[in-house]
Undergrad: 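One structure coming up, written as structure tokens, with questions to follow.
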Amino acid sequence: MIVRPHRTEDDEDIYRLARLAFGGPREPEPANLWSHRPTGWHGLVAEDEGRLVGCLKVRDYAQFFGGSAVSMGGIASVAVGPHARGHGVATALLDAILPVMRERGQVISALYPSVPPLYRGRGWEQTGDYQRVRLRPELFALLPKPAERLVLKRAGSADLPALHDAYLAFASTVDGMLDRSTAAFELERVLEVDIVDIAPGPAGTVRGYLTADRPEGEKLITYDLVALDRDTALGLLANLGRWAGIMTEISLRIVDPAWWQLLMTMPVLHDVVNHPWMLRVVDLPAAVAARGWPAARYVSGAVDLEIVDEHAPWQAGLFRLVAEGGKVVCEPGGSGAVRLPARALGPWYAGSADTAMLHRAGLLDGDRTAARLLDLLTGAPHPVRMADSF
């Protein structure tokens, strides 16, 4: 079996593999062929006896951690032909893509797993959530009213930079959110959805916005609900309440803790659907250097790590994590007092799991007192969320 980069002439075979794996029409639309989009991604295929048997795509993303956007490879479109499954095709693709991501500066990698054991075996681990809640619109009408009724307008192309600025101002405060400034995103595509309502702010800014689709039936599907202050959030939520009598269900993407935890009044029972995602650290020293570390302004110290990672040998061995003067660095050396397998690095890095959780899961051994510095630096455990699926 040969694993190699994608070529344009592979497009139709890749589509066939993906259709068998995930479904879809027999004949591809041009927009669904890999080469239709020349930038914002890279990919590999597996070839056996001259025929494609597997494929894997990596989207060029950046993900916020500690307020900084960290270059991330978003694994997607992993497909293996039915006859070739169980013969190591997917693992060969994952093994091959790790050094490629490192060379491209993608120091972490995230994915939505269809087969979690496959990815756990290569160092990814469940870390964050993509959640939706189903609510009746009448619930939103019961919220407190904003001080002034919110004035909304439909966004146009000229509003997109300000809308994006509002998104970044919010997203940079929630660990796990994507930057949306990379080549993998086409910001103008937001205008293709049914509802793109913005709350204008002073001097051409945007205080908040709501994007949603109104499909057939009696359900409204929201995407982003971004608000930079309380009154804007209450106004956008109140506008969802105005669908009462027309809709029976609002599908709301749960992202911002401000309105979800602190403004919403939830019924005792409500349905939340979660699509968990996994994270892997690809290059530990570079990932530590790229991340924001707000707690490092108040915490100092060092912890010696032993990293076990047979699939990314460049980050296997002894490292010392040092927090000093508001900065955190990871450098070779130390005694290896705390032992971590590759699977532990994603949840630790994101702050979704503390060292006590990692120890109970069999993902941390050694000096647990020394390991407490790892928790202090990330503020673990806390929710980690993403608002984009891929």
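Model, not experiment: these values are computed from the prediction.
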Undergrad: Identify all side-chain donor-acceptor contacts of residues 321-345 below 3.5 Å with residues at least two apart in sequence or on another chain.
TA:
unit_1: Ser335; atom_1: OG; unit_2: Asp304; atom_2: OD2; d: 3.0
unit_1: Arg343; atom_1: NE; unit_2: Glu125; atom_2: OE1; d: 2.6
unit_1: Arg343; atom_1: NH2; unit_2: Glu125; atom_2: OE1; d: 2.6

Undergrad: Under 4.5 Å between any side-chain heavy atoms of Val70 and Tyr349, yes or no?
TA: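 Yes, their side chains come closer than 4.5 Å.
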Undergrad: May I ask you to decide if Leu111's main-chain N or O and Trp277's side chain share a donor-acceptor pair within less than 3.5 Å?
TA: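 Flag not set: sc Trp277 to bb Leu111 has no pair under 3.5 Å.
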Undergrad: What is the minimum heavy-atom distance between Val384 and Thr127, and which atoms define it?
TA: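 Looking at all heavy atoms of both residues, the shortest contact is CB-O, 4.1 Å.
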Undergrad: Any donor-acceptor pair under 3.5 Å linking the side-chain atoms of Thr211 with those of Asp224?
TA: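 Result is no, nothing qualifies.
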Undergrad: Is it true that Met264 and Val272 fall in one hydrophobic cluster, defined by side-chain heavy atoms closer than 4.5 Å?
TA: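 In one cluster: yes.
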Undergrad: Locate the shortest heavy-atom distance separating Leu236 from Ala227; write the atom from each residue and the value.
TA: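 Residues Leu236 and Ala227, closest heavy atoms: CD1-CB, 4.3 Å.
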Undergrad: Which heavy atom of Leu237 sits nearest a heavy atom of Phe140, and at what distance?
TA: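 So the minimum-distance heavy-atom pair works out to O-CB, 3.1 Å.
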Undergrad: For residues Leu358 and Pro347, report the shortest heavy-atom separation together with the two atoms involved.
TA: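 Residues Leu358 and Pro347, closest heavy atoms: CD2-CB, 4.4 Å.
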Undergrad: Which pairs, with at least one residue in residues 68-80 and sequence neighbours excluded, count as a side chain to side chain donor-acceptor pair (under 3.5 Å)?
TA: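 Those involving residues 68-80 do not exist here.
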Undergrad: How close do Met1 and Val53 get, heavy atom to heavy atom, and via which atoms?
TA: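 Scanning both residues, the minimum pair turns out to be SD-CG2, 4.4 Å.
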Undergrad: What do the steps show when you test Asp388 against Arg59 for salt bridge (Lys or Arg N to Asp or Glu O under 4.0 Å), and what is the final call?
TA: CA-CA 12 Å; Asp388 299 277; Arg59 299 182 188 274; over 6 Å; no
Undergrad: On the 0 to 90° scale, with breaks at 30° and 60°, tag the Tyr112-Tyr130 ring pair as parallel, tilted or perpendicular.
TA: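 Answer is perpendicular, since the angle exceeds 60°.
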Undergrad: If you compare all heavy atoms of Thr355 against all heavy atoms of Ala371, which two are closest, and at what distance to 0.1 Å?
TA: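 Minimum heavy-atom separation between Thr355 and Ala371: CG2-O, 3.5 Å.
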Undergrad: How long is the gap from OG on Ser352 to CE on Met357, to the nearest 0.5 Å?
TA: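 Between atom OG of Ser352 and atom CE of Met357 there are 6.5 Å.
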Undergrad: With a 4.5 Å cut-off on side-chain heavy atoms, are Trp260 and Val133 touching?
TA: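 Val133 reaches Trp260 side chain to side chain.
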Undergrad: Going by distance alone, is a donor N or O of one side chain under 3.5 Å from an acceptor N or O of the other, for Trp124 and Ser109?
TA: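 Side-chain D/A pair, Trp124 to Ser109: present.
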Undergrad: Applying salt bridge (Lys or Arg N to Asp or Glu O under 4.0 Å), run through Glu49 and Arg51 and close with a yes or a no.
TA: CA-CA 6 Å; Glu49 296 183 352; Arg51 298 189 63 182; over 6 Å; no
Undergrad: Identify whether the distance between the nearest side-chain nitrogen and carboxylate oxygen of Lys153 and Asp159 falls below 4.0 Å.
TA: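 Salt bridge present between Lys153 and Asp159.
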Undergrad: So, the side chain of Tyr223 versus the backbone of Arg253: is there a donor-acceptor pair under 3.5 Å, distance only?
TA: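 Pair absent, no side-chain N/O of Tyr223 close to backbone of Arg253.
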Undergrad: Show the numbers, then the answer: is there a side-chain contact (heavy atoms from CB on, under 4.5 Å) between Ile195 and Leu220?
TA: CA-CA 10 Å; Ile195 298 167; Leu220 187 75; 3.9 Å; yes
Undergrad: With no hydrogens and no angle check, is any side-chain donor or acceptor of Asp194 less than 3.5 Å from a backbone partner on Arg214?
TA: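 Yes; judged by distance alone, with no hydrogens or angles, the pair exists.
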Undergrad: If we only count heavy atoms from C-beta on, is the Arg154 to Val196 side-chain gap below 4.5 Å?
TA: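 In contact.
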Undergrad: Spell out, as yes or no, whether a donor-acceptor pair under 3.5 Å connects the side chain of Arg291 to the backbone of Val288.
TA: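 A pair under 3.5 Å: no.
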Undergrad: If we count only N and O atoms by modelled type, under 3.5 Å, do the side chains of Asp11 and His6 hold a donor and an acceptor together?
TA: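 The answer is yes; a qualifying pair exists.
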Undergrad: So, is the end of the Arg180 side chain (NZ or CZ) under 6.0 Å from the ring centre of Tyr167 and within 45° of the ring's axis?
TA: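 Output yes; distance and angle both within limits.
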Undergrad: Any non-hydrogen side-chain atom of Leu94 less than 4.5 Å from a side-chain atom of Leu56?
TA: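 SC-SC contact between Leu94 and Leu56 confirmed.
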Undergrad: Can you confirm whether Arg280 sits close enough to Leu98 that some side-chain heavy atom of one is under 4.5 Å from a side-chain heavy atom of the other?
TA: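 They are in side-chain contact.
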Undergrad: Does Thr222 reach the main-chain N or O of Ser251 with its side chain, forming a donor-acceptor pair under 3.5 Å?
TA: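 The answer is yes, because a donor-acceptor pair under 3.5 Å joins these two groups.
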Undergrad: To the nearest 0.5 Å, how far apart are OH in Tyr61 and CE in Met72?
TA: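 The OH atom of Tyr61 sits 7.0 Å away from the CE atom of Met72.
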Undergrad: In this structure, would Ile97 and Val80 fall into the same cluster of hydrophobic residues linked by side-chain contacts under 4.5 Å?
TA: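 Yes, same cluster.
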Undergrad: Side chains of residues 40-48: which donor-acceptor partners sit under 3.5 Å, not counting sequence neighbours?
TA:
unit_1: Trp41; atom_1: NE1; unit_2: Arg37; atom_2: O; d: 2.3
unit_1: His42; atom_1: NE2; unit_2: Arg104; atom_2: NE; d: 3.3
unit_1: His42; atom_1: NE2; unit_2: Gln106; atom_2: OE1; d: 2.9
unit_1: Glu47; atom_1: OE1; unit_2: Arg4; atom_2: NE; d: 3.2
unit_1: Glu47; atom_1: OE1; unit_2: Arg4; atom_2: NH2; d: 2.9

Undergrad: Quick check: do Leu305 and Leu318 have side-chain heavy atoms less than 4.5 Å from each other?
TA: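 Leu305 vs Leu318: side chains apart.
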Undergrad: Please determine whether a side-chain nitrogen of the Lys or Arg among Arg122 and Asp95 lies less than 4.0 Å from a carboxylate oxygen of the Asp or Glu.
TA: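 Answer for the salt bridge query: yes.
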